Amino acid sequence: MTETPNAPDTPAAANFVRDVVTADLAAGTFQRVQTRFPPEPNGYLHIGHAKAVSVDFGIAEEFGGVCMLRFDDTNPITEETEYVDAIVDDIRWLGFEPAAVVYASDYFEQLYQWAEHLVEHGLAYVDDQDSETIRAQRGGYGKPGVESPFRSRSVAENLDLLRRMRAGEFPDSARVLRAKIDMQHENMQFRDPVMYRIRHEHHHRTGDDWCIYPTYDWAHGQSDAIEGVTHSLCSLEFDSHRPLYDWYLAHLPLPSDQPRQTEFARLELTHTITSKRKLLQLINDGIVEGWDDPRLPTLRALRRRGYPATAIRAFCDFIGVAKTNSRHQIELLEWFIRNELNRTALRRMAVLRPVRLRITNWPEGRVEQVELSNNPENPADGTRLAEFTGELYIEADDFMAEAPPKYYRLTPGAEVRLRGAYFVRCTGYETDADGNVTEVLCTYDPETQGGQAPDGRKVKATIHWVSTAHAVDIEARLYSRLFTAEVPGERTGDPFDDLYRDSRTVVAGKAEAALAEVTPGQVVQFERLGYFAADHDLPGVFHRTVGLKDEWANVQKRAR
RNA sequence: UGGGGUGUGGUGUAACAGGCAACACAGCAGAUUCUGGUUCUGUUAUUCAGGGUUCGAUUCCUUGCACCCCAACCA
């Protein structure tokens with residue numbers, strides 16, 4: 001059983017994939033377990049892939065087997081090396097190490113030999129028709145297809161044509177190789193599927209060696225078999241391809257046992273889209289800034305935003321595997337992120353919407369060092385010192401001239417604790433010509449040094465602060481959901497109709513001096529605000545990973 | 001329209017060779033707290049519908065219904 005570092009304290013849920021593997025092992029169908037993660041290198045990995053990666057690698061690990069990373073690079077038009085590198089990088093970041101990194105294109109020669117094998121056995125033929133004609137002849141749901149006039153060519157002619165296709169004698173799309181199965185079959189996949197198409201294209205790995213390229217169906221199962229994969233796990237939409245997967249394998253002289261394909265549901269999240277095309281459109285339309293824009297669900301974006309890989313994995317392990325099409329609430333993912341970060345992130349004080357606070361009875365020019373815990377959840381993280389003076393910044397939200405019921409923070413007459421320092425009581429405030437609060441006035445109680453009152457009196461709230469003279473400037477980028485609807489596009493069919501175009505807010509904040517020492521990528525908790533990740537490249541820029549749960553916001557919402 | 005898949009609280013996932021429907025998130029109520037965070041306690045709420053078999057059905061049978069996938073030379 002895979003150990004999940006911060007999963008809730010519950011036994012690992014059963015899932016049907018595990019059951020399938022266990023049964024196969026018990027029945028002796030397989031003596032070992034091998035899986036693979038087979039991305040097409042035509043885009044970046046996203047959160048949905050993280051689940052697939054977790055399942056593929058997780059099942060192998062759990063049964064003491066191996067999992068390889070195989071690039072499904074059968075279509076040279078869309079695939080690029082850039083994506084290959086990024087995918088390998090993302091998988092390692094998640095914490096998985098492929099037993100090997102291989103490519104479907106490694107098997108092009110074997111695939112071709114097997115194609116000749118099928119031709120020789122009268123199970124494949126060369127069709128000279130164009131794609132429109134072939135599609136029309138395929139028929140429809142409930143309507144049988146029509147056989148191609150080229151279907152009954154002799155083996156010799158087919159072989160000759162196939163070899164000439166490979167040799168480059170024909171232009172793109174002039175001919176295809178098709179499996180000869182059954183044009184009346186109720187499963188559309190069996191109506192003489194295309195195995196090879198002609199594409200005079202440069203391939204990212206094989207260069208110009210080939211001008212015919214295998215289709216997914218012709219390449220996938222065979223690649224599995226060549227590698228010795230036992231359990232080929234894929235998503236639900238390949239369910240209707242499984243009979244074809246098995247058919248190809250059954251008609252070939254395999255080097256190993258026939259692998260078993262098992263389908264499971266993809267991971268979908270509320271308020272999130274994962275379609276590569278739509279993601280690209282967000283970038284092209286300038287709605288987000290690139291593939292690593294923290295609002296995107298790509299692994300690169302989540303990484304930049306500060307999502308810990310361990311938390312993503314714990315989430316993936318926890319949600320389980322099923323065949324039901326479903327959509328998880330993004331709140332659950334965020335719970336896992338907070339759960340991890342609460343244990344690991346150092347606490348710092350930062351004020352994102354600063355208002356000045358002046359302590360009117362503070363001795364002129366006095367500076368005190370205040371000791372603060374780096375993480376109350378983990379005392380081993382120690383403490384740090386912060387400068388405290390009579391001129392501070394506090395959060396604008398932490399003062400209200402006229403406070404509603406249940407508001408525990410500063411308001412004229414009220415007393416609060418400044419974290420780790422003193423109790424202060426609000427005596428008044430100043431405004432500009434427009435009535436905006438420019439400065440909050442307080443007196444402090446010298447007896448409450450360290451944040452405790454000797455007379456035992458309590459305050460309702462503790463607020464964070466930064467000394468104006470010692471503050472460092474930071475830029476915080478606050479993100480909200482890119483899509484307002486739980487299911488983007490559910491109403492109109494177009495996810496972009498649910499786009500929240502103001503999903504990023506950039507604010508200039510003030511932070512305690514210790515924040516100048518964060519390392520790129522480090523995630524800290526800004527106390528009472530949320531978790532923030534230091535940008536990898538831009539000094540002083542922080543991305544809000546996720547906010548803290550905010551009971552006060554709930555109280556206000558309920559009041560309305 | 002033919003074939004395939006799937007239906008369990010608000011969400012997601014378990015259980016079930018027929019025996020008190022559970023876990024997590026979310027919600028609600030309270031306790032603790034130098035973060036309105038964390039933690040803790042309590043609590044609301046579930047088997048797609050009809051029929052059948054049975055002492056007993058989420059589970060077995062049956063008839064419906066709903067949703068998803070398949071008619072690329074994409075994967």
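In what follows, chains are A, B, ... by sequence order, proteins preceding strands, each numbered from 1. The model shown is predicted, which means the values in this text are computed figures rather than measured ones.
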Of the candidate nucleotides B/rC25, B/rU6, B/rC70, which contains the atom at the shortest distance from the side chain of A/Glu331? B/rC25
Could you check which of B/rU35, B/rG12, B/rA75 has an atom nearest any side-chain atom of A/Leu548? B/rU35
Atom-pair distance ([atom1] on [X]; [atom2] on [N]), nearest Å:
X	N	atom1	atom2	answer
A/Arg409	B/rG36	CZ	C1'	7 Å
A/Leu333	B/rA24	CG	C1'	14 Å
A/Arg191	B/rA71	CZ	C1'	7 Å
A/Arg327	B/rU11	CZ	C1'	12 Å

Nearest-angstrom distance, [atom1] atom, [N] to [M]:
N	M	atom1	answer
B/rC23	B/rU46	P	15 Å
B/rG4	B/rC20	C1'	37 Å
B/rU44	B/rG30	P	16 Å
B/rA24	B/rU6	P	28 Å

Compare side-chain N and O positions of [X] against OP1 and OP2 of [N] and report whether any pair is under 4.0 Å apart.
X	N	answer
A/Lys406	B/rG36	no
A/Arg197	B/rC74	yes
A/Ser240	B/rG5	no
A/Arg338	B/rU35	no
A/Thr324	B/rG5	no
A/Arg242	B/rG5	no
A/Arg135	B/rA72	yes

Scan every strand shown for a Watson-Crick or G-U wobble partner of B/rA49, both distances under 3.5 Å, and answer none if you come up empty. B/rU63
Please give the nucleotide sitting opposite B/rA22 as a Watson-Crick or G-U wobble pair, both distances under 3.5 Å, or none. B/rU13
Select base, sugar-phosphate, or nothing to describe what A/Gln189 touches, counting heavy atoms under 4.0 Å on all strands. sugar-phosphate
With a non-hydrogen cut-off below 4.0 angstrom, is A/Glu186 in contact with a base, only sugar-phosphate, or nothing? base
Assert: residue with more 5' nearest nucleotide on RNA chain B, out of A/Gly142 and A/Arg347, is A/Gly142
By nearest heavy atom, map A/Asp130 and A/Ala553 onto RNA chain B; which one lands nearer the 5' end? A/Ala553
Euclidean distance, A/Gln329 CD relative to A/Thr270 OG1, rounded to 0.5 Å: 6.0 Å
Could you check, using the six-membered ring where one of them is a Trp, whether A/Tyr422 and A/Tyr444 have ring centers closer than 6.0 angstrom? yes
Looking only at the aromatic ring of each residue, does the gap between the centers of A/His220 and A/Phe238 stay below 6.0 angstrom? no
Are the side chain of A/Asp398 and the backbone N or O of A/Leu410 linked by a donor-acceptor pair below 3.5 Å? no
Ignoring hydrogens and angles, tell me if any N or O in the side chain of A/Thr448 forms a donor-acceptor pair with the backbone of A/Asp445 under 3.5 Å. yes
On the 0 to 90° scale, with breaks at 30° and 60°, tag the A/Tyr112-A/Trp210 ring pair as parallel, tilted or perpendicular. tilted
